[in-house]
Trainee: 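Have a look at the structure that comes next, please.
Keep in mind that what you see is a predicted model, and the values were worked out from it rather than measured.
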Amino acid sequence: LDYSAEGVTSEEELDSNCSEILATIDAAREDPRHAFSVFKPSGLSLNGLLSKSTDDFTVKEEEEWERVLRRIRTICQATSDAGGRVLIDAEESWLQDNIDEIAEDMMSDYNRESVIVYTTVQLYRIDRLEYLKNLCVKARDFGFKIGVKLVRGAYMEKERAMAIKNGCPLPIQPNKEATDRDFDDAVRFCLDNLDTIHIFAGTHNAESTLMLCKEMGERGIVNDDPRISFSQLLGMSDQISFNLAAHDYNIAKYVPYGPIREA
């Protein structure tokens with residue numbers, strides 16, 4: 001379940017979003033139909049905070065940021081207590097640095113014995129494959145495991161418009177072929193490092209899905225290895241989802257929901 005309300009403008013609404021996310025975790029407790037819970041950091045923080053360097057926070061913003069961290073830690077702790085797993089969604093590049101920092105802190109705290117917290121890597125960004133490799137080194141150095149949702153990406157038009165507006169280099173790949181290449185390379189890198197990385201392959205791409213299945217077979221990894229999961233959105237690519245399920249792969253349907261305007 002993915003409660004998708006975002007862009008809210010008050011602390012009360014942010015607390016309400018947190019409560020709803022906690023309800024999805026509670027719904028998943030002891031229920032094998034639920035594989036993961038999900039949240040968007042922008043649903044728990046004012047966007048102005050996510051896009052600003054924490055070194056530049058005012059006293060008021062520092063207090064607001066502490067509340068953001070408290071909400072996210074509460075969600076991760078509740079997930080851990082319930083024996084579940086939680087996905088932290090990726091967002092626009094100008095928000096992502098702070099999200100990466102939060103996700104890494106949560107993984108360091110909660111992913112010691114098992115993998116509870118998953119970050120998200122959008123491979124349509126030119127820098128994310130390198131980020132994933134560096135994160136793997138950091139995880140080994142500091143003794144935690146990585147959960148990573150691999151996706152292509154969701155904010156192409158916004159990224160292009162922001163780069164043009166600010167006169168900055170475009171952070172996304174020059175074409176789809178480059179995105180496909182980095183996605184598949186990221187999958188292989190994760191498979192090479194399964195001792196440290198658990199994979200959540202969020203994709204509607206049949207070729208990448210088949211590639212991951214073939215790689216698992218060639219490496220002697222059983223279809224239902226708990227370190228590897230697949231997912232597609234509810235209502236999309238059912239032919240991929242149900243074929244994977246028929247062959248005992250770990251496959252989940254990502255179910256966004258929420259009030260129409262906010263979602």
Trainee: Of all residues at least two apart in sequence or in a different chain, which pass the side chain to side chain contact (heavy atoms under 4.5 Å, CB included) check with Lys52?
Mentor: Asp56, Phe57, Thr58, Glu61
Trainee: Among residues at least two apart in sequence or on other chains, which ones pass ring pair (Phe, Tyr, Trp, His ring centres under 6.0 Å) with Phe183?
Mentor: none
Trainee: Indicate if Val148 and Val115 have the same hydrophobic cluster label, given that clusters are the connected sets of ILVMFWY residues with side-chain heavy-atom separations under 4.5 angstrom.
Mentor: no
Trainee: State plainly whether one hydrophobic cluster holds both Tyr131 and Leu50, where clusters connect Ile, Leu, Val, Met, Phe, Trp and Tyr through side-chain heavy atoms under 4.5 angstrom apart.
Mentor: yes
Trainee: What pairs of donor and acceptor atoms, side-chain ones from residues 225-232 against any protein atom, are under 3.5 angstrom apart with sequence neighbours left out?
Mentor:
{"unit_1": "Asp225", "atom_1": "OD1", "unit_2": "Arg227", "atom_2": "N", "d": "2.8"}
{"unit_1": "Asp225", "atom_1": "OD1", "unit_2": "Arg227", "atom_2": "NE", "d": "2.9"}
{"unit_1": "Asp225", "atom_1": "OD2", "unit_2": "Arg227", "atom_2": "NE", "d": "3.4"}
{"unit_1": "Asp225", "atom_1": "OD2", "unit_2": "Arg227", "atom_2": "NH2", "d": "2.8"}
{"unit_1": "Ser231", "atom_1": "OG", "unit_2": "Ala252", "atom_2": "O", "d": "2.9"}
{"unit_1": "Gln232", "atom_1": "OE1", "unit_2": "Ser241", "atom_2": "OG", "d": "2.6"}
{"unit_1": "Gln232", "atom_1": "NE2", "unit_2": "Thr203", "atom_2": "O", "d": "2.9"}

Trainee: Who are the ring pair (Phe, Tyr, Trp, His ring centres under 6.0 Å) partners of Phe36, not counting sequence neighbours?
Mentor: Tyr118, Phe200
Trainee: Is a donor from one side chain sitting under 3.5 angstrom from an acceptor on the other, for Ser80 and Gln77?
Mentor: no
Trainee: Under the ring pair (Phe, Tyr, Trp, His ring centres under 6.0 Å) rule, collect the residues that match up with Phe39, sequence neighbours excluded.
Mentor: none
Trainee: Check this for me, if you would: do Asp109 and Arg73 make a salt bridge, where the nitrogen-to-carboxylate-oxygen distance has to be below 4.0 angstrom?
Mentor: yes
Trainee: Could you tell me whether a side-chain N or O of Lys145 sits under 3.5 Å from a main-chain N or O of Asp195, the two making a donor and an acceptor?
Mentor: yes
Trainee: Strictly below 4.0 Å, N to O, side chains only: are Arg125 and Asp182 in salt-bridge contact?
Mentor: no
Trainee: Between Asp15 and Arg71 (salt bridge meaning N to carboxylate O under 4.0 Å), is one present in this structure?
Mentor: yes
Trainee: So, the side chain of Arg112 versus the backbone of Ser108: is there a donor-acceptor pair under 3.5 Å, distance only?
Mentor: yes
Trainee: If the threshold is 4.0 Å, N to carboxylate O, is there a salt bridge linking Glu215 and Arg219?
Mentor: yes
Trainee: What residues, two or more places apart in sequence or in another chain, satisfy ring pair (Phe, Tyr, Trp, His ring centres under 6.0 Å) together with Phe242?
Mentor: none
Trainee: Run the salt-bridge test on Asp26 and Arg29 with the 4.0 Å N-O cut-off and return the result as yes or no.
Mentor: yes
Trainee: Any chance you could measure Cys136, atom SG, to Asn193, atom CG, to the nearest 0.5 Å?
Mentor: 4.0 Å
